[in-house]
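Bear in mind that the values here come from a model prediction, so they are computed numbers and not experimental data.
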Amino acid sequence: LSGYVSADTTPFFSDDNEEEGPTDNGVGSPQPEEEESASGVSDKRAKLTVAVLCYINLLNYMDRFTVAGVLPDIEHFFSISDGTSGLLQTVFICSYMFLAPLFGYLGDRYNRKLIMCVGIFFWSLVTLASSFIGKDHFWALLLTRGLVGVGEASYSTIAPTIIADLFIKEKRTNMLSVFYFAIPVGSGLGYIVGSEVDDVTGDWHWALRVTPGLGLLAVILLLFVVQEPKRGAIEAHPEHTLHRTSWLADIKALCRNPSFVLSTFGFTTVAFVTGSLALWAPAFLFRAGVFTGEKQPCLKAPCDNSDSLIFGIITVVTGILGVASGVQASKKLRIKTPRADPLVCAAGLLLAAPFLYLSIMFAQASTVATYIFIFLGETFLSMNWAIVADILLYVVIPTRRSTAEAFQIVLSHLLGDAISPYLIGVVSDSIKKSDSYMWEFRSLQMSLLLCSFVAVVGGAFFLATALFIEKDRHLADNYVPSDDAPIVVPKRGRSTKVSVSSVLI
């Protein structure tokens, strides 16, 4: 029975309603007060669950980009270079990335709600601790930013799979779009809250003290509002007709799924570009202002964080427009072709590339033009968020989805935003020929041009995904367990699963 956790051996923190599919109501069976779907969760509770998950997703991204919103102050406070500044994002992403497979494994087997509660509570405490670090202990800030990755890994690998178990087809796409609105909106709020709190208090440490309290509220909402749904029960092949395989078997199956692999590589380029812009765009705009004489250099705290505020507002607006337009474009294109999702993702990246290039090159000439091009580039870039998540959920069977989320997180961050902020900083330092304001701007400008070329590569990956998407979706919808799949035999009045080969022997 290796690789399978039966109802009799499930640890104490598993949820009772995950054990079996719906059964016929016999004599004495209690009738639910409110009609429930096959997932075991009423429609009203399902919508409340999505609202809570959306709030936590917004909070996670808000916390992640609060640091970017006050980056000039942090660089001045610790007297660090561009390469060292990039490590703040890199250590967080690396922690998040390496922990994702663990939480993906747990999320496919145990109670997802309690796993998220523990992770978010730990994240809130660590974030609060990071706000008390002195100027001689930059290593401690790196350490705490790394530990923050625990909370996001416990959440990001699991939350989309809960939504997938609550809704199907168009409803699932709509709910995922609401969920992924929180990424750009939360990111933008991170810049806005970080810069504004820094301006009001005159100390960037206070910017990191906003989200911990909101995180504890999130834990309370998880415990009392969110209800764990049955895995896959709402779909045509509920979990009690499938069987869990070993983690290694899951990984092998995912690697043989071209739509999943190619879309993951495509999403990796999105992570690379967004990770670079998230950390460096406000600092780049500030340096452009100093270079053109519109702003004064940061010689004492607090620095001028107006660019973080404006960039945050742009990120919020473009995120809403991008996610909504991506979903709507995909819905309309599906009428004409089943390959709509990867084609829309490809178009978003290929259209974003030239506008990102223009925004970087126009920074020295026109601030207004720069913001316009950033607005257009980020809008097209944001078209991918909900669609990529939907692709994963419909080309992967229910019992492998958390593992698939973890696999995608590891690869997209390993080759994406785990290295891009640090890489951009290192390239900037290597190009810089002197410590003048001109070279501080020019070196960062040249290194950020890499984002445009990476976006084009991402568009190619999604075009390749379109070649396989029909076949892989059909295989997932019509998945049939192998000949050695578990079958159900009676045991003391309840079902127990054993392998076919064991019964034959």
Side-chain angles (χ1 to χ4, degrees), residues 7 10-25 29-60 103 106-121 151 154-183 185-186 214-240 242 323 327 386 389-390 392-394 398-399 401-402 405:
T10 303
F12 72 94
F13 53 89
S14 70
D15 203 283
D16 290 340
N17 64 13
E18 290 184 58
E19 294 176 3
E20 305 293 340
T23 57
D24 295 332
N25 288 329
S29 298
Q31 297 292 332
E33 294 182 4
E34 183 178 358
E35 183 181 355
E36 294 184 347
S37 70
S39 66
V41 180
S42 66
D43 185 62
K44 180 179 178 182
R45 178 64 68 90
K47 291 177 180 177
L48 286 173
T49 295
V50 173
V52 173
L53 296 179
C54 187
Y55 164 72
I56 300 171
N57 204 28
L58 185 146
L59 196 60
N60 274 334
F103 286 108
L106 297 175
D108 275 336
R109 289 157 177 82
Y110 306 123
N111 186 291
R112 292 171 286 186
K113 182 173 77 172
L114 293 183
I115 292 171
M116 289 191 292
C117 285
V118 173
I120 293 170
F121 181 75
S154 69
Y155 177 77
S156 297
T157 56
I158 293 174
T161 69
I162 292 180
I163 295 176
D165 288 335
L166 293 171
F167 304 96
I168 56 173
K169 297 182 180 179
E170 293 298 322
K171 265 195 172 183
R172 176 189 291 172
T173 302
N174 292 335
M175 291 302 172
L176 283 172
S177 65
V178 172
F179 177 76
Y180 282 102
F181 273 135
I183 294 180
V185 173
L214 299 175
L216 295 178
L217 173 61
V219 173
I220 295 172
L221 290 174
L222 272 174
L223 287 173
F224 296 102
V225 176
V226 173
Q227 183 177 340
E228 179 86 355
K230 300 182 182 77
R231 289 181 178 86
I234 199 171
E235 298 178 81
H237 297 280
E239 190 182 56
H240 62 276
L242 300 175
V323 173
V327 170
D390 205 15
L392 182 150
L393 293 172
Y394 65 63
T399 51
R401 283 175 181 161
S402 287
E405 291 282 354

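- Judged by distance alone, with hydrogens and angles left aside, the side-chain atoms of Asp165 form no donor-acceptor pair with the main-chain N or O of Pro229 at under 3.5 Å.
- For Leu216, the side-chain contact (heavy atoms from CB on, under 4.5 Å) test picks out Phe121, Ser124, with sequence neighbours left out.
- At a threshold of 4.5 Å between non-hydrogen side-chain atoms, the residues Glu405 and Ile158 do not count as touching.
- Scanning all heavy atoms of the two residues, the minimum distance from Gly215 to Ile120 falls at O-CG2, 3.7 Å.
- To the nearest 0.5 Å, the span separating CE on Met175 from CD1 on Ile162 amounts to 14.5 Å.
- When every heavy atom of Cys117 is checked against every heavy atom of Leu223, the shortest pair comes out as SG-CD2, 3.6 Å.
- With hydrogens and angles disregarded, no donor-acceptor distance shorter than 3.5 Å links the side chain of Arg401 to the backbone of Pro160.
- To the nearest 0.5 angstrom, Asn174 atom CG is 9.5 Å from Asp390 atom CG.
- The side-chain contact (heavy atoms from CB on, under 4.5 Å) search around Val225 returns Leu48, Val52, Leu221, not counting sequence neighbours.
- When each of Leu166, Ile163, Leu58 is paired with Leu53, the side chain to side chain contact (heavy atoms under 4.5 Å, CB included) condition holds for Ile163 and for no other.
- In this structure, NZ on Lys113 lies 8.0 Å from CG on Leu222, to the nearest 0.5 angstrom.
- Applying the side chain to side chain donor-acceptor pair (under 3.5 Å) criterion to Tyr394, with sequence neighbours excluded, gives Asp341.
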Practice task
Apply the test side chain to side chain contact (heavy atoms under 4.5 Å, CB included) to residues Ile56 and Met116: give CA-CA distance (whole Å), side-chain angles for both, the deciding distance (0.1 Å), then the verdict.
Solution key: CA-CA 10 Å; Ile56 300 171; Met116 289 191 292; 6.0 Å; no
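- Separation of atoms CG (Leu106) and CD1 (Ile115) is listed at 5.0 Å; rounding is to 0.5 Å.
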